[in-house]
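Here the structure comes first, spelled out in structure tokens, and everything after it is commentary.
These values consider heavy atoms only, across backbone and side chains, with no hydrogens, waters or symmetry-generated copies. What you see is a predicted model; the values in this text were computed from it and never measured.
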Amino acid sequence: MGTPPQTGSPAGPQTRPLPTPCVIVLIGPPASGKSTWAGENARPDQVLSSDDLRGVVGEHPLDLAATDDAFELVDRMLEMRCARKLTTVVDTTGLDAGRRAKAIEVARTNGLNTVAVRFTTTAAECKRRNRERTHPVPVKVIDAMAKTAKALDLSDEDWDLVMEPTPVRLVTPKLAPVVDHDLALEEGAAASPVPAPLRFGLHLSSFDWPGDAAAIGPTLTRIARDAEAAGFDSLWVMDHMIQIPQLGSAWDPMLESYSTLSFLAGATERLRLGVLVSAVTFRTIGHLAKTIATLDVLSGGRAIAGLGAANSEHEHHAYGQPFPPAVSRLAVLEDALRALPLFWGPGAPSFEGRTISIPEAVGYPRPIQDRIPMIVGGSGEQVTLRLAAELADGCNLFGDITTVRRKVEVLHRHCADVGRHPSDVEITHLSTSLVAGDSAELNRRVESLRPSRQGPDRYAASVNAGTVDDHDARLRQLVDAGVGTVMVSVPDVFEPAAMEPMAELIARFSP
């Protein structure tokens with residue numbers, strides 16, 4: 001069992017993506033290649049082999065007297081693994097219709113996809129391979145099972161996919177193509193034309209990189225320059241004083257957002273710089289306007305104003321800031337969206353908002369950009385998306401493709417209500433994404449990054465781990481839904497090699 005954990009097989013031009021978690025049942029006579037296929041396309045801990053279990057409950061793997069007990073173990077272990085949402089390959093002959101039906105039922109009960117891999121190896125070839133075994137199966141057994149396998153009709157069974165034993169890669173749920181009951185996964189989807197160009201933003205949400213505090217600055221500089229070279233259009237940081245619980249502990253390093261972006265303005269030439277998103281309750285609106293205008297001037301016109309209603313009560317109290325109720329914070333956000341352009345524009349107009357009164361919206365130097373883009377973070381359908389539609393230049397969404405499509409539809413309805421064209425409001429999307437050139441590289445990175453108490457599959461799902469091809473398919477869906485910029489948080493961004501597959505992915509979506 002010295003094989004390193006894998007999330008799938010080595011990727012190649014013929015690999016077929018299978019969504020995890022799933023139940024894969026191998027169907028074919030002895031010596032048809034089932035165990036070889038399982039060894040090449042799954043981790044050892046994902047395979048339930050009746051031969052191996054005969055060796056556990058009997059004298060040896062071909063102890064036929066232990067067959068019933070071995071199959072009972074297969075059935076019970078499959079139930080337990082499915083209950084834990086674990087991908088499982090059932091390596092038996094798969095010729096018993098009752099056991100196949102039971103496997104499908106267990107998978108369905110636990111919300112797992114089902115895949116039948118049918119081995120059509122001829123009886124003659126099975127017998128040839130069988131002769132080379134140390135302990136061959138009786139020939140009459142192979143003849144009988146080969147005949148049963150050849151006559152098998154799986155069309156009436158409730159499989160999501162019935163496939164030949166071609167190489168596969170196991171793909172996390174958000175990255176896997178949809179598997180339909182009557183539609184096999186199609187090969188070569190990544191070769192289709194890109195529906196529209198897509199911009200990429202690098203989102204930095206953690207600074208707990210190797211080394212002490214003195215290493216943060218040099219590492220941050222290298223990351224930003226590597227991102228620029230890889231083709232990223234923008235770089236974003238969070239507006240938090242304390243690391244949020246979802247990403248680490250309160251003792252993890254967390255840099256002040258606008259100081260960080262000003263530092264990066266001097267280290268880069270092209271990257272646009274933004275905070276995703278500025279908490280409008282951390283600073284007065286006038287102070288925020290001045291801060292963003294300063295960043296725009298010092299960066300040569302590269303600032304983006306990400307704005308949000310804030311969400312950390314603990315953080316506000318820790319820094320002596322009041323944390324108003326949500327309705328009040330949203331009112332401040334609306335005032336910020338209305339007042340900021342006044343500070344950045346000509347003259348010194350007054351402003352009367354819902355929460356503030358400004359006698360003179362004045363600030364020099366003016367930003368270099370005629371209008372600094374304002375991006376609203378959050379996707380509340382009644383208020384936040386309405387504010388984005390009426391007052392902002394973009395909104396930031398997160399979630400799966402179904403969620404994104406619904407939010408975009410809501411945003412467009414708000415645009416129609418306020419008389420704006422939907423194209424006036426850019427759709428951006430934020431997600432964590434671990435991207436690798438192939439499955440072998442992906443497996444290595446998942447294993448090196450995962451917490452010791454979290455298995456590789458669960459960790460891979462938590463960071464959307466996938467190959468360039470896998471992410472290509474997901475991003476095409478987002479583009480089709482209307483997304484114009486994807487913001488990516490890369491778990492091992494501190495590793496120089498992390499930018500290489502990102503560069504390949506970005507190139508696929510360049511105009």
Exercise. Just by distance, do the side chain of Ser278 and the backbone of Gly306 share a donor-acceptor pair under 3.5 Å?
Worked result: yes
For this session: For residues Phe232 and Arg199, determine if any side-chain heavy atom of one lies less than 4.5 Å from a side-chain heavy atom of the other.
Result: no
Exercise. So do Cys395 and Ile427 actually touch side chain to side chain, heavy atoms under 4.5 Å?
Worked result: yes
Problem set entry | Non-hydrogen side-chain atoms of Glu495 and Glu500 separated by less than 4.5 Å | no
Seminar exercise, completed: Nearest heavy-atom approach of Leu273 to Leu261 is CD1-O, 3.6 Å
Exercise. Between the side chain of Ser249 and the main-chain N/O of Trp251, is any donor-acceptor distance below 3.5 Å?
Worked result: yes
For this session: Could you tell me the separation between the CZ atom of Arg81 and the CG atom of Asp45, rounded to the nearest 0.5 Å?
Result: 6.0 Å
Seminar exercise, completed: What one should report as the nearest heavy-atom pair of Ala481 and Ile401 is CB-CD1, 3.8 Å
For this session: Report yes if the side chains of Leu330 and Thr384 come closer than 4.5 Å at any heavy-atom pair, otherwise no.
Result: yes
For this session: Verify, without hydrogens or angle tests, whether Ser299 (side chain) and Asp296 (backbone) share a donor-acceptor contact under 3.5 angstrom.
Result: yes
Exercise. Is a side-chain N or O of Arg108 found less than 3.5 angstrom from the main chain of Asp158, in a donor-acceptor match?
Worked result: yes
Problem set entry | Evaluation steps, side-chain contact (heavy atoms from CB on, under 4.5 Å), between Leu505 and Leu475 | CA-CA 10 Å; Leu505 185 62; Leu475 294 180; 3.7 Å; yes
Exercise. What's the verdict on salt bridge (Lys or Arg N to Asp or Glu O under 4.0 Å) for Asp393 and Arg371, showing C-alpha distance, side-chain angles and the deciding distance?
Worked result: CA-CA 10 Å; Asp393 303 283; Arg371 176 180 173 86; 3.0 Å; yes
For this session: Check whether any side-chain N or O of Thr268 sits under 3.5 Å from a backbone N or O of Leu271 as a donor-acceptor pair, and report yes or no.
Result: no
Exercise. Quick one: are Val280 and Ile285 in side-chain contact, heavy atoms under 4.5 Å?
Worked result: no
For this session: Using salt bridge (charged side-chain N to carboxylate O under 4.0 Å, His left out) as the criterion, list what pairs up with Glu504, not counting sequence neighbours.
Result: Arg508
Problem set entry | Arg476 to Phe509 six-membered ring, cation-pi geometry met (6.0 Å, 45°) | yes
Exercise. Between Phe282 and His316, does the ring centroid distance fall short of 6.0 Å?
Worked result: yes
For this session: Step by step, work out the salt bridge (Lys or Arg N to Asp or Glu O under 4.0 Å) result for Glu164 and Arg16.
Result: CA-CA 11 Å; Glu164 297 296 315; Arg16 178 190 290 270; over 6 Å; no
For this session: Return the minimal non-hydrogen interatomic distance between His240 and Ser312, and the atom names on each side.
Result: CE1-CB, 4.4 Å
Problem set entry | Heavy-atom check, side chain of Leu86 versus side chain of Gln46, under 4.5 Å | no
Exercise. Got a second to check how far Arg283's CZ is from Ile292's CD1, nearest 0.5 Å?
Worked result: 8.0 Å
Exercise. Side chains of Asn396 and Thr428: donor-acceptor distance under 3.5 Å anywhere?
Worked result: yes
Problem set entry | Note, Phe200 side chain near Ser510 side chain (heavy atom, < 4.5 Å) | no
Exercise. Should the heavy atoms of other residues, nucleotides or ligands under 6.0 Å from CD of Glu269 be counted, would the total exceed 12?
Worked result: no
Exercise. Can you tell me how far the CG atom of Leu161 sits from the CD1 atom of Ile24, to the nearest 0.5 Å?
Worked result: 9.5 Å
Exercise. Does Glu381 use its side chain to pair, donor to acceptor, with the backbone of Val410 at less than 3.5 Å?
Worked result: no
Problem set entry | Residue from Thr114, Thr109, Asn110, Val115 passing side-chain contact (heavy atoms from CB on, under 4.5 Å) with Leu112 | Asn110
Exercise. Just how far is it from atom CG of Leu434 to atom CG of Asn464, taken to the nearest 0.5 Å?
Worked result: 9.5 Å
Exercise. So, does Glu334 use its side chain to make a donor-acceptor pair with the main chain of Arg354 at under 3.5 Å?
Worked result: no
Problem set entry | Ser433/Arg474 under side-chain contact (heavy atoms from CB on, under 4.5 Å): CA gap, chis, key distance, verdict | CA-CA 11 Å; Ser433 299; Arg474 179 181 71 99; 3.1 Å; yes
Exercise. Within the side chain of Glu315, is there an N or O that forms a donor-acceptor pair under 3.5 Å with the backbone of Ile242?
Worked result: yes
Exercise. CZ/Arg225 to CG/Leu264 distance, rounded to the nearest 0.5 angstrom?
Worked result: 9.5 Å
For this session: I would like to know whether Trp209 and Val493 meet side-chain contact (heavy atoms from CB on, under 4.5 Å); could you show each step before the answer?
Result: CA-CA 9 Å; Trp209 304 322; Val493 68; 4.1 Å; yes
For this session: Could you walk me through whether Leu18 and Arg169 pass side-chain contact (heavy atoms from CB on, under 4.5 Å), step by step?
Result: CA-CA 6 Å; Leu18 297 182; Arg169 64 184 189 275; over 6 Å; no
Problem set entry | side chain to side chain donor-acceptor pair (under 3.5 Å) partner of Ser423, chosen from His421, Arg420, Glu426 | His421
Problem set entry | Shortest non-hydrogen contact from Ala309 toward Arg329 | O-NE, 2.9 Å
For this session: Look only at the side chain of Glu256 and the backbone of Tyr258, and say whether a donor-acceptor pair between them is shorter than 3.5 Å.
Result: yes
For this session: Provide the closest heavy-atom pair for Ile372 versus Ala305 in the form atom of the first, atom of the second, distance.
Result: CG2-N, 3.9 Å
Exercise. Tell me, do Thr467 and Asp472 make a side-chain contact under 4.5 Å, heavy atoms counted?
Worked result: no
For this session: Look at atom CZ of Arg84 and say whether more than 12 heavy atoms of other residues, nucleotides or ligands are closer to it than 6.0 Å.
Result: no
For this session: Check whether more than 12 heavy atoms from other residues, nucleotides or ligands sit under 6.0 Å from atom CZ of Phe398, and answer yes or no.
Result: no
Problem set entry | Inter-residue atom distance Thr219.OG1 - Ile223.CD1, 0.5 Å rounding | 6.0 Å
Seminar exercise, completed: The side-chain hydrogen bond (donor to acceptor under 3.5 Å, both in side chains) partners of Arg445 (sequence neighbours excluded) come to Glu441, Asp492
Problem set entry | N/O donor-acceptor pair under 3.5 Å between Arg366 side chain and Phe343 backbone | yes
Exercise. Is a salt bridge present between Asp457 and Arg43, judged by a nitrogen-to-oxygen distance below 4.0 Å?
Worked result: yes
Exercise. Looking only at heavy atoms, what is the nearest atom pair of Pro367 and Ala293, with distance?
Worked result: CG-CB, 3.9 Å
Exercise. Would Arg405 and Asp400 count as a salt bridge (Lys or Arg N to Asp or Glu O under 4.0 Å) if you check the C-alpha gap in whole Å, the side-chain angles of each, and the deciding distance to 0.1 Å?
Worked result: CA-CA 9 Å; Arg405 287 195 179 108; Asp400 61 21; over 6 Å; no
Problem set entry | Sequence-distant partners of His203, side chain to side chain contact (heavy atoms under 4.5 Å, CB included), two or more places apart | Ser205, Trp236, Met238, Leu276, Leu430, Ser489
